[in-house]
Amino acid sequence: MSRNWREQGRWAIRATAALIMTVVALSAGQSADFVRGKDVFERRCGGCHGLDNDKEGPRLRSVFGRVSGSVSTFKYSDAVKNAHITWNAELIDKWLTDPDKLIPDNDMAFHVQKADERRDVIAYLKELAGK
Amino acid sequence: LSKRIIHDHNDDGINRRGFLECMAWAGTGVIWTVSGGIASSRAFGAPGAKAGFTFVQISDSHIGFNKPANPDVVSTLQATVDKINALPQQPDFIIHTGDLSHLSKAAEYDTMDQVLKGANQKQIHYVPGEHDTAIDDGKQFLERYGKGTQGRGWYSFDQKGVHFVGLVNVRALEGLGKLGADQLEWLEKDLKAKSSSTPVVVFAHIPLWAVYPEWGWGTEDSAQALTYLKRFGSVTVLNGHIHQVMQKVEGNVTFHTAMSTAFPQPAPGSAPAPGPMKVPAERLRSVIGVTNVQYVAGKHSLAVVDSPLAGE
């Protein structure tokens, strides 16, 4: 199979899966942003973050509205511990765009390149936190 | 070179650690042979059955990582290559079980390629880790290392009677790895063509057994894959991700995780969370390293030797 066909096949599978997930989620009362955000979270964040367990990064179920560096079970960098910010949509967006620009010398090396993915994952985290 | 073999699963009363610490790594390690679920050992290079072939597993190179746990991951990867090149029996090929890069950057892959060019082995098989896919869904990884692969990068090949299967399980679902229905369907078809007497080696980044699900060290749908592998007489599963050696034997399946070439992680449950573990600089090379695997023709079993870059 040529790469073009494979790319198209992947796109079709992803689009179909997203459509099914959206329909299921909407019928369960979840927003479309939440559904897309969950997908982004699993692809971009899930390697290092869990919702209810600390991994390489702290647990994130209630990160929206939380004070930075405040999960007592997680060992943060001094930079994050001393930042004293409360995570809202604007700050999470800045953090995901360029963590070092928001809090220099932190331990998170990843970033999320696409603005729409950041928006979706923020919607997901906001809804998870009940905000 | 290194002096110590990390794992000891053979309850034979030998003070293996002390014994092994006295040996140089090249040519004098211990080969673990697991056959029908029973482990036995013999000196590396000692007369044994006719040699089939060997290959080396390396993992979790994290090129681009620069934190205190290892500020120079390129030099430890280089030391790994030097170690492989110094082996008395040169492996036929190398398998890299993922997290080649730390951030999926082109420059990181370039550096990786440059270092691995120095290996005597020109045949290198890769599967991605989550660090190779989290930024761009593995686009760059597939462009560079995924030629001829299926789906998100899975594939199989045969080498001297052994069937090798590279799987991709890095999409995290609630923290655990996942293969996905499309890949499982492919795996079932791929294995159907093989007789149950064919030795099978499966390699993937995240462990295909539940090492420690609380830290995401397992694969949500691996049980399905293992049902397809059940009928085979010899199955060896090689993984990375957890940056330490662990082994488990279940029926005819031997699960094995490898050290990283970059930095260690804590033992399951021994720290509040997983992640890069800083050890004193002089100890680093004793907790990272390579895995050497030998297939002995007619034995239907593979011998696995883990060796750090340096002794403690």
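Values below: every heavy atom of this structure, side chains too, minus hydrogens, waters and symmetry copies. Lettering of chains follows the sequences in order, A, B, ..., and the numbering in each one begins at 1.
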J.: Would you say that more than 12 heavy atoms from the other residues, nucleotides or ligands in this model lie under 6.0 Å from the NZ of B:Lys122, or not?
T.: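 Above 12, so yes.
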
J.: Do other residues, nucleotides or ligands put more than 12 heavy atoms under 6.0 Å from B:Lys105 NZ?
T.: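 Counting other residues, nucleotides and ligands, NZ of B:Lys105 stays at 12 neighbours or fewer.
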
J.: So which residue, B:Gly129, B:Pro274, B:Pro272, ends up with the most heavy-atom pairs under 4.5 Å with chain A?
T.: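 Of B:Gly129, B:Pro274, B:Pro272, B:Pro274 has the most heavy-atom pairs under 4.5 Å with chain A.
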
J.: Which residues, numbered in order, of residues 93-118 of chain A come under 4.5 angstrom of chain B by heavy-atom distance?
T.: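 The list, in residue order, reads A:Asn106, A:Asp107, A:Ala109, A:Phe110, A:His111, A:Gln113.
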
J.: Nearest 0.5 Å, please: how far is CD in A:Glu56 from NE2 in B:His131?
T.: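 Output value for this atom pair is 4.5 Å.
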
